[in-house]
S.K.: 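Please find one structure pasted underneath; my questions will follow.
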Amino acid sequence: MTICDREQELLAALRSGNWTPELRAHLAACESCADAAITAEFLHQAAATADPHVPPAGLVWWKAQLRARRESAQAAARPVLIAERAAAIVALLGAVGALAWLSSDSTLAALAGIVALVLLTTAAAGALLFAWSKK
Ligand SMILES: [Zn+2]
């Protein structure tokens with residue numbers, strides 16, 4: 001489809017409402033102008049029904065700042081969360097080892113108990129370190 005030479009004239013008539021009989025006859029006969037008129041009418045109606053409410057710039061900026069702060073806090077807390085989980089796993093392993101040590105008299109169990117005590121001490125120290133660093 002080619003663009004009609006009278007399209008700008010037609011769009012001006014749509015905006016102003018000043019139609020000549022000759023332009024109306026051209027609109028009825030020209031496919032390009034008919035499509036342009038339908039498109040212009042659609043855009044005009046869409047613009048009339050669109051919600052013109054835009055939030056104040058200060059509110060948008062404030063929300064963006066809050067979001068950035070929340071995201072950076074989450075990113076900063078991620079390694080701490082991983083360390084806490086690792087400390088919990090180490091503490092659990094230490095508790096299992098301590099149970100083995102307390103329920104048996106073998107040398108291997110005593111060795112496991114010593115390892116368990118080291119793990120428990122390490123996990124407790126790690127947990128305390130992270131708990132104090134959060135303040
Ligand atoms: Zn035309």
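Just so you know, ligand 1 is whichever comes first in the structure, and atom 1 is the first atom listed for that ligand.
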S.K.: Check for me: within less than 2.8 Å of the Zn ion (ligand 1), which protein N/O/S atoms show up?
M.R.: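 Checking every protein N, O and S atom gives Cys4 SG, His26 NE2, Cys30 SG, Cys33 SG.
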S.K.: Under the criterion side-chain contact (heavy atoms from CB on, under 4.5 Å), I'd like the reasoning laid out for Gln45 against Thr49: C-alpha separation, chi angles, the key distance, then a yes or no.
M.R.: CA-CA 6 Å; Gln45 287 179 353; Thr49 58; 5.5 Å; no
S.K.: Given side-chain contact (heavy atoms from CB on, under 4.5 Å), test His26 with Cys4 step by step and report yes or no.
M.R.: CA-CA 10 Å; His26 176 78; Cys4 180; 3.3 Å; yes
S.K.: As a test of understanding, state which of Arg69, Gln74, Arg67 forms a side chain to side chain donor-acceptor pair (under 3.5 Å) with Glu71.
M.R.: Arg67
S.K.: Sort out for me which residue in Thr121, Thr122, Leu117, Val115 forms a side-chain contact (heavy atoms from CB on, under 4.5 Å) with Leu119.
M.R.: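 Single pass found, and it is Val115.
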S.K.: Would a hydrophobic clustering, with Ile, Leu, Val, Met, Phe, Trp and Tyr connected at side-chain separations under 4.5 Å, put Leu59 with Leu66?
M.R.: yes
S.K.: Kindly work out whether a path of hydrophobic side-chain contacts (I/L/V/M/F/W/Y, heavy atoms less than 4.5 Å apart) joins Leu23 to Leu27.
M.R.: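 Yes.
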